[in-house]
Amino acid sequence: MKKNTRTFFSLLLIIPVFLGSSCSKDEVKKDDLATTKKGWVTGKWKQKDVVLAYPIPFGGQELPVGFSLLNIADYLPVTGPMLTCTVNNKYTFDEKGSYTIEGCTELILPHAGSAGTWNLQVYGSALHLLSADNTDTPLWINNISSTDMKLGSLSFTIYVAEADADIPVYLLLEKE
């Protein structure tokens, strides 16, 4: 009986050690994921599209999530030209944490400006653009690979003057 009690208490002392070591391994895995994502973000990107992140009514029908706003740019006399201006936007994220944006940012990223610094937060899930005037533009990375990146969140919106509304969108980028 004494042997079983001693074994039981020994196990009670050893189990927390194993649990503690497994937690630190999870943290390393999350750090590795953030490092991988930083490597994927680093480089030159071109804008692929701006799509809806939320369904909206338009012309008597509902436009679904993922619908390209470029498809209706011709029907938006105020916002449309600003949308089509972004088609050739180029984004560069260097390994030192600086970014540049070539093209039109007034509609899609008005506070990011054309240059600043960037970093990843929340285990590499949030891309933060800090402009030269210290304005932070946080973007949720909804999806990323070595060749494609989908940025957005419900707080990432563009103002569509024709609807007098802020519309949640995703910014789709493709690695050059």
Side-chain angles (χ1 to χ4, degrees), residues 34 37-38 40-176:
K37 285 185 177 181
K38 184 175 182 179
W40 282 345
V41 171
T42 302
K44 295 183 180 205
W45 296 84
K46 63 181 177 179
Q47 183 173 314
K48 190 174 170 182
D49 210 343
V50 179
V51 300
L52 292 176
Y54 191 81
I56 61 166
F58 182 81
Q61 60 184 358
E62 188 167 291
L63 302 179
V65 172
F67 182 84
S68 174
L69 289 177
L70 297 172
N71 289 336
I72 60 171
D74 292 340
Y75 301 104
L76 305 172
V78 176
T79 309
M82 295 170 68
L83 271 169
T84 55
C85 181
T86 68
V87 170
N88 295 315
N89 281 6
K90 307 262 189 228
Y91 303 81
T92 303
F93 302 98
D94 72 17
E95 62 278 346
K96 294 178 184 176
S98 295
Y99 74 86
T100 58
I101 303 173
E102 298 173 31
C104 302
T105 61
E106 294 81 17
L107 180 67
I108 295 177
L109 298 168
H111 302 292
S114 61
T117 59
W118 70 277
N119 65 64
L120 293 177
Q121 297 177 16
V122 194
Y123 300 109
S125 297
L127 173 64
H128 284 256
L129 305 179
L130 188 63
S131 67
D133 68 355
N134 289 327
T135 303
D136 185 19
T137 302
L139 300 165
W140 194 255
I141 300 174
N142 291 84
N143 193 7
I144 189 168
S145 70
S146 59
T147 58
D148 294 294
M149 185 165 34
K150 181 180 181 181
L151 300 171
S153 70
L154 288 180
S155 63
F156 180 47
T157 62
I158 62 170
Y159 178 72
V160 177
E162 292 79 2
D164 192 23
D166 290 314
I167 306 294
V169 295
Y170 292 121
L171 178 60
L172 304 181
L173 302 178
E174 183 176 65
K175 201 101 178 232
E176 287 191 316

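Hydrogens, waters and symmetry mates play no part in the numbers below; they use all other heavy atoms, side chains included.
Remark: side-chain polar atoms of Asp94 are paired, donor with acceptor, to backbone N or O of Lys96 under 3.5 angstrom. Formation of a donor-acceptor pair under 3.5 Å by the Thr86 side chain with backbone atoms of Asn89 is not found in this model.
Annotation: side chain of Leu127 is in contact with side chain of Ile141 (closest heavy-atom distance under 4.5 Å). By the 4.5 Å heavy-atom criterion applied to side chains, Leu120 and Lys37 are counted as neighbours. With a 4.5 Å cut-off on side-chain heavy atoms, Gln47 and Ile108 count as touching. At a threshold of 4.5 Å between non-hydrogen side-chain atoms, the residues Trp140 and Val122 count as touching. You'll find the side chain of Asp166 stays beyond 4.5 Å of the side chain of Ile158, heavy atoms only.
Checked against side chain to side chain donor-acceptor pair (under 3.5 Å), Ser131 has the following partners two or more places apart in sequence or in another chain: Asp133. Every residue was checked against the side chain to side chain donor-acceptor pair (under 3.5 Å) condition with Ser146, not counting sequence neighbours, and none meets it. Remark: Lys150 engages no residue in a salt bridge (Lys or Arg N to Asp or Glu O under 4.0 Å) (not counting sequence neighbours).
Distance CG/Leu52 to CG/Asn71: 10.0 Å, rounded to 0.5 Å. Rounded to the nearest 0.5 Å, atoms CG (Leu83) and OG (Ser68) are 8.5 Å apart. Atom NE2 of His111 and atom CG of Asp136 lie 11.0 Å apart (nearest 0.5 Å). Separating the CG atom in Leu130 from the OH atom in Tyr99 is a distance of 7.0 Å, to the nearest 0.5 Å. Taken from CD1 in Ile144 to NZ in Lys38, the straight-line distance is 12.5 Å, to the nearest 0.5 Å. Interatomic distance, CZ of Phe156 versus OG1 of Thr137, reported as 9.0 Å (0.5 Å rounding).
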For Leu139 and Leu129, what are the C-alpha separation, side-chain angles and deciding distance, and is it a side chain to side chain contact (heavy atoms under 4.5 Å, CB included)?
CA-CA 8 Å; Leu139 300 165; Leu129 305 179; 4.1 Å; yes
Carefully, step by step, assess Trp45 and Thr92 under the rule side chain to side chain contact (heavy atoms under 4.5 Å, CB included).
CA-CA 6 Å; Trp45 296 84; Thr92 303; over 6 Å; no
Go through Tyr91 and Leu109 one step at a time and tell me if the side chain to side chain contact (heavy atoms under 4.5 Å, CB included) criterion holds.
CA-CA 12 Å; Tyr91 303 81; Leu109 298 168; 3.8 Å; yes
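Screening residues 47-98 for disulfide (SG to SG under 2.5 Å), with sequence neighbours left out, gives Cys85-Cys104.
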Return all side-chain donor-acceptor pairs below 3.5 angstrom for residues 72-80, not counting sequence neighbours, or 'none' if the list is empty.
unit_1: Thr79; atom_1: OG1; unit_2: Ala161; atom_2: N; d: 3.0
unit_1: Thr79; atom_1: OG1; unit_2: Glu162; atom_2: OE1; d: 2.7

Please set out all donor-acceptor pairs under 3.5 angstrom arising from side-chain atoms of residues 168-176, sequence neighbours excluded.
unit_1: Lys175; atom_1: NZ; unit_2: Trp40; atom_2: O; d: 2.7
unit_1: Lys175; atom_1: NZ; unit_2: Thr42; atom_2: O; d: 2.9
unit_1: Glu176; atom_1: OE2; unit_2: Lys90; atom_2: NZ; d: 2.9

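Ring-centre distance between Phe93 and Trp118: below the 6.0 Å cut-off.
In the model, Gln121 has a side-chain atom that pairs as donor or acceptor with a side-chain atom of Asn119 under 3.5 Å.
Considering every non-hydrogen atom in both Ile101 and Ala112, the closest pair reads CD1-CB, 4.2 Å.
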